Amino acid sequence: MPRTLAISGASGLVGQALQDHLRGRGDEFRPLVRGTQPGPNEIPWKPGEAVEARHWEGVDALVHLAGENIASGRWNASRKERLWKSRVEATRALCEGLAAAPRRPRVLVCASAIGIYGDRGDEVLRETSAPGEGFLAELAQAWESACDPARAVGIRVVHLRFGIILSKDGGALAKMLTPFRFGVGGRVGSGHQYWSWVSLHDVVRAIEFAIERDDLHGPVNVVSPTCPTNRQFTEALGRALGRPTVLPLPAFAAKLALGSEMAEGLLLASARVEPQALLESGFQFEHPTLAQAFGAILE
Ligand SMILES: NC(=O)c1ccc[n+]([C@@H]2O[C@H](COP(=O)([O-])OP(=O)(O)OC[C@H]3O[C@@H](n4cnc5c(N)ncnc54)[C@H](OP(=O)(O)O)[C@@H]3O)[C@@H](O)[C@H]2O)c1
């Protein structure tokens with residue numbers, strides 16, 4: 001049955017792909033729009049404030065993806081504040097508004113990140129694993145807790161903890177493609193750190209699954225079932241492109257380029273994450289291996 005879905009962060013990598021994927025099924029989208037004059041099907045939203053209750057009328061699900069981009073600039077104090085406010089404060093105010101509305105969506109699917117686990121070596125991380133340390137871990141924990149007002153009034157809340165989302169249209173892979181195509185790509189640091197990834201195609205399928213499956217709630221790891229080290233990831237990308245991968249990026253150079261905290265959080269941290277909740281619920285990945293994902297993405 002066609003549904004009405006509100007979506008924040010609709011112009012982003014995941015938001016665009018989700019709309020492309022679900023529009024074909026007859027679903028109607030109501031994007032939350034910031035700062036521009038809303039169109040007829042759009043919902044005006046000022047992050048940090050509640051949405052007017054009347055806009056939730058007839059909305060079946062809210063997919064909340066919005067947040068200042070994590071990787072687009074160095075993590076100085078003002079940027080970290082924007083990353084925090086645009087997720088934690090914006091989500092809390094949104095959820096307080098939802099909780100106070102007379103009619104509200106029955107499910108909130110909220111983005112989160114495997115950064116919640118921090119840097120954990122070769123420990124296998126499942127949804128029940130304790131959170132880790134560092135800025136991203138604290139940010140993701142606070143972001144998930146900010147949904148409490150919605151949970152408290154009985155909205156089913158699913159926190160999709162995304163791994164590195166692979167697409168040629170944006171995100172980490174799009175940034176890596178140019179150096180790898182020129183044959184100057186290589187492992188980052190020791191290359192022993194685990195990189196949990198998922199294809200954008202499986203991300204939008206997992207969001208659809210989370211909307212549909214009434215028994216799914218709480219944290220859900222959205223990562224492929226095969227987790228490579230950075231070295232294995234690098235070799236698989238080189239093979240897919242038919243290019244050598246002999247030029248490593250030393251840890252100190254990554255830290256110089258991005259700053260220590262950001263390089264450690266995004267490139268050097270090891271997170272060996274398993275999609276236990278998705279697999280136990282019967283979700284089937286269409287791109288379970290890197291070879292399949294790269295084959296589909298780079299064809
Ligand atoms: N891509 C990944 O590998 C990855 C991994 C883990 C977690 N995630 C999380 O998943 C979510 C979706 O990812 P994505 O790759 O689609 O992100 P994205 O491309 O950066 O898009 C995020 C969207 O959020 C909105 N936004 C930007 N700045 C904002 C601000 N200051 N306040 C409120 N909204 C703002 C924008 O949409 P509008 O202009 O339409 O409002 C933007 O297009 C994000 O929250 C991200 O942190 C992504």
Side-chain angles (χ1 to χ4, degrees), residues 5-21 29-39 41-49 51 62-73 75 78-94 108-118 135-144 146-147 158-176 195-204 206-207 210 219-224 233 262 265-267 269 271 273 275 293 297:
L5 310 176
I7 173 170
S8 77
S11 69
L13 179 70
V14 177
Q16 289 288 315
L18 181 67
Q19 292 175 82
D20 291 346
H21 179 74
F29 279 98
R30 299 208 188 144
L32 271 62
V33 294
R34 305 172 295 135
T36 51
Q37 195 60 31
N41 257 342
E42 295 178 336
I43 299 178
W45 178 45
K46 269 195 188 160
E49 294 180 17
V51 161
L62 167 60
V63 181
H64 180 39
L65 302 167
E68 178 94 9
N69 190 283
I70 293 269
S72 64
W75 292 355
S78 74
R79 221 180 125 63
K80 279 163 82 174
E81 192 183 332
R82 286 206 301 280
L83 293 171
W84 192 275
K85 274 192 170 165
S86 66
R87 288 185 171 72
V88 182
E89 293 178 23
T91 301
R92 183 162 291 278
L94 194 61
L108 164 62
V109 176
C110 187
S112 181
I114 60 160
I116 199 163
Y117 300 113
F135 175 67
L136 284 183
E138 285 167 23
L139 175 62
Q141 283 175 80
W143 191 8
E144 293 189 357
C147 295
V158 188
H159 304 285
L160 295 182
R161 295 178 174 169
F162 297 130
I164 301 168
I165 299 174
L166 301 187
S167 160
K168 63 178 176 344
D169 300 323
L173 180 64
K175 288 196 175 83
M176 295 166 75
W195 270 20
S196 293
W197 62 276
V198 58
S199 72
L200 181 58
H201 178 67
D202 277 334
V203 164
V204 295
I207 294 174
V220 172
N221 293 333
V222 185
V223 295
S224 80
F233 184 100
M262 187 170 170
L266 295 181
L267 297 177
V273 183
I297 294 168

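In listed order, ligands and their atoms are each counted from 1. Fair warning: this is a prediction, and the values are worked out from it, not measured in the lab.
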Problem set entry | Heavy-atom protein contact below 4.0 Å for atom 38 (P) of ligand 1 | yes
For this session: Would you mind listing which atoms of ligand 1 come within a distance below 4.0 Å of any non-hydrogen atom of W143?
Result: 45 (O), 47 (O)
Exercise. Does ligand 1 have any atom that is closer than 4.0 Å to a heavy atom of R87?
Worked result: yes
Problem set entry | Heavy-atom side-chain proximity of L266 to L136 below 4.5 angstrom | yes
Exercise. Would you find a donor on one side and an acceptor on the other, under 3.5 Å apart, between the side chain of S8 and the backbone of L65?
Worked result: yes
For this session: Could you pull out, from R34, R82, Q16, the option with a heavy atom nearest to atom 30 (C) of ligand 1?
Result: R34
Seminar exercise, completed: Of P31, A111, G67, the residue with the heavy atom nearest atom 22 (C) of ligand 1 is G67
Problem set entry | Min heavy-atom dist G163 to ligand 1 below 4.0 Å | yes
Exercise. Which ligand 1 atoms, with their elements, are less than 4.0 angstrom from a heavy-atom of S112?
Worked result: 7 (C)
Seminar exercise, completed: Note: ligand 1 atoms sitting under 4.0 Å from heavy atoms of A10 are 40 (O)
For this session: Using the test side-chain contact (heavy atoms from CB on, under 4.5 Å), find all partners of A269 that sit at least two apart in sequence or belong to another chain.
Result: D119
For this session: List the closest protein heavy-atom neighbour of atom 16 (O) of ligand 1: residue, atom name, distance to the nearest 0.1 Å.
Result: V14 N, 2.8 Å
For this session: For E89, enumerate each residue passing the side chain to side chain donor-acceptor pair (under 3.5 Å) test, keeping only those at least two apart in sequence or located in another chain.
Result: none
For this session: Using a strict 4.0 Å cut-off to heavy atoms of A113, name the atoms of ligand 1 that fall inside it.
Result: 6 (C), 7 (C)
For this session: Specify whether H64 and W45 have parallel, tilted or perpendicular ring planes, treating 30° as the upper limit for parallel and 60° as the lower limit for perpendicular.
Result: perpendicular
Exercise. What's the shortest distance from atom 48 (C) of ligand 1 to any protein heavy atom, and which residue and atom give it?
Worked result: I165 CD1, 3.9 Å
Seminar exercise, completed: Quick look: W197 vs ligand 1, heavy-atom contacts under 4.0 Å, and the answer is neither
For this session: List the closest protein heavy-atom neighbour of atom 8 (N) of ligand 1: residue, atom name, distance to the nearest 0.1 Å.
Result: F162 CD1, 3.9 Å
Seminar exercise, completed: The protein heavy atom nearest to atom 31 (N) of ligand 1 is E68 OE1, 3.0 Å
Exercise. Is the closest basic N to carboxylate O distance between E68 and R79 below 4.0 Å?
Worked result: yes
Exercise. Would you say A90 contacts ligand 1, with heavy atoms under 4.0 Å as the rule?
Worked result: no
Seminar exercise, completed: Residue, atom and distance of the protein heavy atom nearest atom 19 (O) of ligand 1 read L13 N, 3.0 Å
Exercise. Quick one: nearest non-hydrogen protein atom to atom 40 (O) of ligand 1, plus distance?
Worked result: S11 OG, 2.9 Å
Exercise. Does ligand 1 have any atom sitting under 4.0 Å from a heavy atom of S8?
Worked result: no
Exercise. Taking the minimum heavy-atom distance to atom 12 (C) of ligand 1, which of N69, L65, I164, L136 ranks first?
Worked result: L65
Seminar exercise, completed: When distances are taken from atom 32 (N) of ligand 1, the protein heavy atom at minimum range is S86 CB, 3.4 Å
